[in-house]
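First comes the structure, then the notes that go with it.
Both ligands and their constituent atoms are indexed starting at 1 by order of listing.
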Amino acid sequence: MSRDDRQTPLDAPRPWWKDAVVYQIYPRSFMDSNGDGIGDIPGITARLDHLKDLGVDVVWLSPHFDSPNADNGYDVRDYRKVMARFGTMADFDTMLAGMMARGMRLIIDLVVNHTSDEHAWFVESRKSRDNPYRDYYIWRDGKEGSQGGGPPNNYPAFFGGPAWTQDAATGQYYLHYFAAKQPDLNWENPEVRAEVYDLMRFWLDKGVSGFRMDVIPFIAKQPGLPDLTPAQRRAPQFVYASGPRLHDHLREMRREVLAHYDTLTVGEAFGVPPDAARDLIDSRRGELDLVINFDIVRMDIDGWRKTSWTLPRLKALYSQLDAAVGPYGWNTQFLSNHDNPRSVSHFGDDDPAWVERSAKVLNTLILTQRGTPFLYQGEELGMTNSPFESLDDFDDLEVAGRWRDLAGRVSEAEYLANARAMGRDNARTPMQWTAGPHGGFTTGKPWLAVNPNAAAINAQDQAARPDSVLNHCRALIAWRRGSADLRDGTYEDLDPEHEQVFAYRRGAGLVVVLNFGRETVRYALPGRLTVDGVVFGEAEVEGQVEGQVVTLAGWTSVILAVRTA
Ligand code: ISL
Ligand code: CA
């Protein structure tokens, strides 16, 4: 009986992905095996033992499909072909076999809100108004007639300019929420849906265990595509993500494809507030399993501008997100990915004297919160943002596109400072494997410069040091596996207002205390708790437990065994 046609009672068998630790690979930057400066699939295969040793259960692979790389693979030209620079389908099969031989599963990136403008479907669609593929995409006449009247509505694109581009062949405009090279598919067309279901089966039949679904809430458009208000234009994702047919599409996808396989589906819920996300992941509804939300990673970014965050606000978000999933949902736990700055630079302290300690604190947070942890490549090392010197150093079309939009309204120095803090390229600098040339990522010239601190922060050095970020993650992932309180216990913030300490209870038996600062803190636990001892903490932590008081050195964390007095 497939899952979506029964109420999933609370005592249903526990899905495997609730206990999994997921690791995201951005293939372009993970490992280059042939010296062309671009990461590739044989490079991933060569590094699978790094993932196995870390204790990873699932790999999420960012797009590996044939693409012109306008948006580094998030513009797919052929869903059934491996990007030539990444390797061959045989390489993919070898990588997948290598993962499975190590007990790891693979989920791939399903990018079906849009395709590349070089996809055969769009090449056909744009030829004429009556082309059989015309309705695979969203074409409209301009405002006043089809010549020169301006775009059909005032939708902005995320990578700059309007979300409509007029096409010479027919004079009509096509919709693209992202770049003009990423035309949006028309999900109201049942032929489009059937094509997507077919390509999903193609990869599932190869042994893939599911999908991370790129901006999946965007596939349902607003009926009639009315103009946005000025407030909506400032954050259009909330309108783009709330089309009325979204749940119908997801339930049909579940019925047609997913219900027939044992899968993990993770929707990138850009533009979906926590309460709306609950409906996407409620196991009784047969839609998605998990969502990637933006509440924490974007808590201090307003458009292109970095604002600020505080620990009490961060803690409030954790409690809100934990409560929002309800009894039939489950959370993802992450602090970075390929679209966001490095977590230790964003939420930690990336001063060379503190970076390792604070990276370990943040990884402890990710690995002890309630939900499925997602680590991003390099996060297990405490890799940091990169010192981009000028706008020319960035590869990301989002950085260039937003700069064009700002045209003269903001100084280049101010824009550069914000791009350095929050730009997506921070997470896309190559993985740092060794202290050697280009961090051991490539023997050639890397497509994006390796962070100059690779000699100090790299996997080879850390594998040999017991107190490294890498070995901290390895040990905590292993310990977590044996802890029912961490894997499935309740979550309770013990001190929401404290400005430097993040202390929370997991289940009945554990308390986690994180010091989010350089100063040593003496932290008094609530009187109702009796501490039985330190069960996990860094070797150099002075986690002395005097009765109810825990002393934590700067940027350290500790896990305590407790019971209610
Ligand atoms: O917030 C954003 C828009 O300004 C971006 O970080 C990003 O576009 C958004 O989070 C959606 O991300 C996904 O879709 C994009 C792609 O560029 C991102 O890499 C992908 O994760 C379009 O496919
Ligand atoms: Ca390569």
Side-chain angles (χ1 to χ4, degrees), residues 24 26-46 60-65 67 69-76 82-88 91 109-116 156-160 163 176-185 212-219 234-238 240-241 266-272 291-295 297-298 301-305 334 336-341 374 376 395-402 405 418-419 422-428 430-431 438 441-447:
Q24 180 193 357
Y26 191 71
R28 197 174 183 79
S29 306
F30 191 67
M31 181 66 201
D32 171 25
S33 70
N34 63 350
D36 68 355
I38 295 174
D40 48 52
I41 289 177
I44 295 172
T45 304
W60 152 26
L61 181 64
S62 276
H64 65 285
F65 314 101
S67 164
N69 288 305
D71 187 15
N72 289 349
Y74 283 93
D75 50 318
V76 179
V82 172
M83 190 189 304
R85 296 300 282 269
F86 283 168
T88 64
D91 292 330
D109 216 311
L110 189 69
V111 187
V112 289
N113 171 67
H114 49 271
T115 69
S116 165
F158 288 112
F159 297 155
H176 53 84
Y177 284 160
F178 294 94
K181 283 189 71 61
Q182 296 171 289
D184 278 47
L185 282 167
R212 176 268 190 185
M213 299 187 185
D214 192 58
V215 288
I216 197 69
F218 286 2
I219 62 177
R234 275 195 296 279
Q237 62 270 24
F238 294 101
Y240 298 168
V266 190
E268 186 200 19
F270 183 39
V272 180
V291 291
I292 303 263
N293 54 55
F294 284 68
D295 310 88
V297 288
R298 295 288 164 86
I301 183 159
D302 170 17
W304 59 274
R305 202 186 288 276
F334 68 98
S336 76
N337 51 43
H338 66 291
D339 290 332
N340 288 285
F374 280 60
Y376 177 63
D395 164 83
D396 187 1
L397 79 170
E398 183 172 64
V399 173
R402 283 183 161 160
D405 268 7
N418 283 277
M422 300 302 277
R424 305 193 299 178
D425 283 321
N426 280 303
R428 302 174 179 187
M431 186 69 177
H438 305 306
F441 163 72
T442 179
T443 55
K445 181 179 183 311
W447 70 278

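- Atoms OD1 of D36 and O of I38, as seen from the Ca ion (ligand 2), are separated by an angle of 90°, to the nearest 10°.
- With ligand atoms numbered from 1 in the order given, ligand 1 contributes 11 (C), 14 (O) to contacts under 4.0 Å with heavy atoms of V215.
- Between the OD1 atom of N34 and the OD2 atom of D40, the angle centred on the Ca ion (ligand 2) amounts to 90° when rounded to 10°.
- In this structure, the protein non-hydrogen atom closest to atom 6 (O) of ligand 1 is R298 NH2, 2.7 Å.
- Ligand 1 lies nowhere less than 4.0 angstrom from a heavy atom belonging to Y177.
- Note that the CD atom of Q182 and the OH atom of Y74 stand 11.0 Å from one another [nearest 0.5 Å].
- Atom 13 (C) of ligand 1 has as its closest protein heavy atom D214 OD1, 2.9 Å.
- The nearest protein atom to atom 12 (O) of ligand 1, hydrogens excluded, is given as E268 OE2, 3.0 Å; this is a heavy-atom distance.
- Those atoms of ligand 1 that come under 4.0 Å of a heavy atom in R402, given as number and element, are 4 (O).
- Of all protein heavy atoms, the one closest to atom 8 (O) of ligand 1 is F178 CE2, 3.3 Å.
- Contact analysis puts R428 in contact with ligand 1, with a non-hydrogen atom separation below 4.0 angstrom.
- Every atom of ligand 1 with a heavy atom of H338 under 4.0 Å away is listed here by number and element: 18 (C), 19 (O), 20 (C), 21 (O).
- The nearest heavy-atom contact from the protein to atom 7 (C) of ligand 1 is R424 NH1, 3.7 Å.
- For M422, the heavy-atom gap to ligand 1 stays at 4.0 angstrom or more.
- What sits closest to atom 16 (C) of ligand 1 on the protein, heavy atoms only, is D71 OD2, 3.2 Å.
- Contact annotation: for Q237 versus ligand 1, there are no heavy atoms closer than 4.0 Å.
- The protein atom (non-hydrogen) at minimum distance from atom 3 (C) of ligand 1 is E398 OE2, 3.0 Å.
- Looking at D32, its N, O or S atom nearest to the Ca ion (ligand 2) turns out to be OD1.
- Applying the 4.0 Å criterion to heavy atoms of H114 picks out, from ligand 1, the atoms 22 (C), 23 (O).
- Scanning the protein heavy atoms around atom 21 (O) of ligand 1, the nearest turns out to be D339 OD2, 2.4 Å.
- For a distance bound of 3.0 Å, the N, O or S atoms of G43 include none lying that close to the Ca ion (ligand 2).
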